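As the structure lists them, so they are numbered: ligands from 1, and atoms in each ligand from 1. What you see is a predicted model, and the numbers here were worked out from it, not measured in a lab.
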Amino acid sequence: MESNKHTSPRSAFNGMPLVDGHSQGTAFIYRDILSREIEIRELDATEIAPEWERLRSALEQVGQDVTRMRNLLGAKIGERQAAIFDAYGSILTDDNLLRNLEEELHKRRLNAEKIVKNVMNEWEGRFRTSAGAAQKEWANDIHDMSMRILRALAGKENNVLADIPESTVLFTPRLLLSDTVHFVKRQPCAIVTQEGGPLSHAALLARSLQVPLITGVDFNAVRHNHGQEVVVDGSRGTVIFNPLEREKKACRELSNAYKRSTHIMLEHSAREAAVLHEHDYSVYANVSSADDIRNAVTYDCDGIGLFRTESLYMQYKSMPGEQEIYEQLYAALAPVKDKEITLRLADLGDDKVLPYLDIGAEHNSALGLRGIRFLLHFRDILKAQLSVFLRLAQHYKVSILIPMVTAPWDVGQTRSLCDELMREMRDDGVEITRKPPLGAMIETPAAVWGIEMLLPSVDFVSIGTNDLIQYMTAANRESLEVWEYYTYGAGLVLNALTPLIAQVKRTQKQCTICGELGGDYSYTNQLIQSGLKKFSVEPPLIPIIKERISRVIDTGESGNRKA
Ligand code: PEP
Ligand code: MG
């Protein structure tokens with residue numbers, strides 16, 4: 001956080017409007033973990049002991065992560081390879097290093113991050129300039145360790161978002177998924193970022209919270225405006241600090257008008273629900289948390305079409321246990337206990353990072369270990385998730401969705417593991433009466449072209465246009481620079497979806513769209529013409545899509561005219 005102690009005059013900035021709406025609040029400047037520089041902070045005498053404690057607990061956390069990785073590797077590849085991690089462990093407990101860190105902290109009276117950087121850099125340099133190959137290896141290990149410690153220290157700081165004040169307008173270079181999980185107590189009333197396209201996590205979150213979002217605003221230009229009054233116009237993309245009275249009044253009026261129109265839309269869609277069901281259309285919700293589910297119920301969802309469960313893992317400082325996740329999900333799903341619920345296995349990797357799980361830098365992470373590839377690699381995580389979902393399926397109408405399916409073996413291996421777990425659970429005396437349907441996300445071009453090979457082994461499919469367009473156009477979904485390619489791809493992808501939907505329909509298996517394209521009402525008619533009947537969208541979009549579907553049915557645009 002960076003604050004401005006002086007009162008500043010009115011100033012205005014323009015960005016790209018991503019989510020509509022009008023808000024007035026107080027600016028909160030936040031740097032995400034990836035763009036945070038190492039800050040240098042001087043400590044007074046009373047802060048030294050707590051800072052040493054903070055550093056010690058970060059070291060402890062990294063130690064636990066290393067042990068866990070060692071065990072995972074031991075089980076997966078072999079004891080000999082896993083022993084490499086022992087060297088890592090020994091760095092963290094090296095008496096000389098610990099003494100060196102503690103002494104520096106006392107001597108320099110600087111924050112833990114700066115001390116780690118100074119001390120570890122020096123150790124790394126010493127080993128790197130020595131002659132032996134083994135010493136050079138040590139230098140790499142030390143470098144890796146220092147990054148992990150800095151990450152552990154930063155992870156603890158993320159919690160500033162857990163306690164944001166009422167009416168916060170959040171300014172950040174970018175908003176990571178691991179940041180958004182901290183909005184438990186209170187949510188921002190508007191978000192302004194520098195990076196991130198319409199499909200970034202910030203955009204998905206803003207849409208689901210129904211708060212305005214503007215992107216493309218230079219973070220450096222606003223970073224000194226912490227604590228200032230600000231109005232945000234999400235339809236025009238304008239941000240005004242220290243606004244004039246008339247600007248504040250206009251913002252309040254527009255905000256009230258926006259709320260009224262949403263309310264009218266909701267009432268309308270409730271009247272249309274029967275028509276939709278009569279024609280077998282459903283509009284489910286995309287959710288990531290218990291709050292989202294409650295919100296989805298308010299918007300009268302027909303069920304949960306996509307639960308992005310990876311966000312559950314992001315609230316923790318280290319890998320949560322199976323029972324913890326089970327209890328969280330069991331409580332979160334209660335409001336939709338009589339409805340269909342699709343739980344997606346954690347889609348980790350690439351932009352969805354777990355701060356406490358370092359899988360090593362991948363050269364091109366969007367094309368690397370993502371989704372089911374990640375889970376098949378870290379099988380213990382997959383097993384734990386499947387066990388939780390299987391247990392939940394005995395209480396709720398749960399289906400399991402596999403993210404980032406590319407090839408038939410992604411489904412085959414998941415299904416075998418699922419069957420094996422069910423056998424084990426039965427042997428352990430757990431009552432398993434319901435086997436949940438297993439479905440594939442269709443979000444890679446290979447899954448579209450290879451749908452014929454996938455269909456025999458899945459019970460349903462869900463089309464993820466967010467990633468599908470990204471991989472089809474080779475344009476990063478988070479990047480503003482290549483956004484025009486992405487938009488161009490949105491039109492093109494429909495050509496691929498029409499035959500795909502028809503092919504799935506022939507097998508009588510359910511086909512849902514859960515990518516953002518399904519929530520864009522300008523595509524609803526075309527999707528219906530292609531034969532699609534199941535939509536899963538951000539909760540506030542549910543009434544809008546329902547209304548649009550009922551209009552298509554009414555006017556007979558889809559050929560499904562009411563009798
Ligand atoms: C998608 O890719 O369309 C999708 C729904 O998944 P996510 O946005 O979580 O990657
Ligand atoms: Mg996806």
Restricting D467 to its N/O/S atoms, the closest one to the Mg ion (ligand 2) is OD2
### Salt-bridge contact D459-K509 (side-chain N to carboxylate O under 4.0 Å)
no
*May I ask you to check whether D347 brings an N, O or S atom to under 2.8 Å from the Mg ion (ligand 2)?*
no
Ligand 1 atoms nearer than 4.0 angstrom to some heavy atom of R308 are 4 (C), 5 (C), 6 (O), 7 (P), 8 (O), 9 (O)
Within 4.0 Å of some non-hydrogen atom of G515, the atoms of ligand 1 are 3 (O)
Looking only at side-chain N and O atoms, does T193 offer a donor or acceptor that is under 3.5 Å from a partner on T215?
yes
- Going by atom types only, do E324 and Q328 share a side-chain donor-acceptor pair under 3.5 Å? no
Logged contact type for Q470 with ligand 1, heavy-atom cut-off 4.0 Å, is neither
message = Taking the ring of F535 and the ring of Y281, is the distance between their centroids below 6.0 Å?
response = no
Among non-hydrogen protein atoms, atom 6 (O) of ligand 1 lies closest to R344 NH1, 3.0 Å
Ligand 1 to M441, heavy atom cutoff 4.0 Å, flagged ligand atoms 4 (C), 5 (C), 6 (O)
Next on the checklist: Is a donor from one side chain sitting under 3.5 angstrom from an acceptor on the other, for D520 and S522?
Outcome noted: yes
Review point. Should the pair Y396 and Y330 be assigned to parallel (<30°), tilted (30 to 60°) or perpendicular (>60°) ring geometry?
Key: tilted
Ignoring hydrogens and geometry beyond distance, is a side-chain donor-acceptor pair present between R344 and S462 at under 3.5 Å? no
Restricting to heavy atoms, the pick from E310, E516, R477 nearest atom 8 (O) of ligand 1 would be R477
The Mg ion (ligand 2) has as its nearest N, O or S atom from E443 the atom OE1
Donor-acceptor side-chain pairing of Q529 and N525 below 3.5 angstrom: yes
Quick look: L468 vs ligand 1, heavy-atom contacts under 4.0 Å, and the answer is neither
For L306, the atoms of ligand 1 under 4.0 Å from one of its heavy atoms are 5 (C)
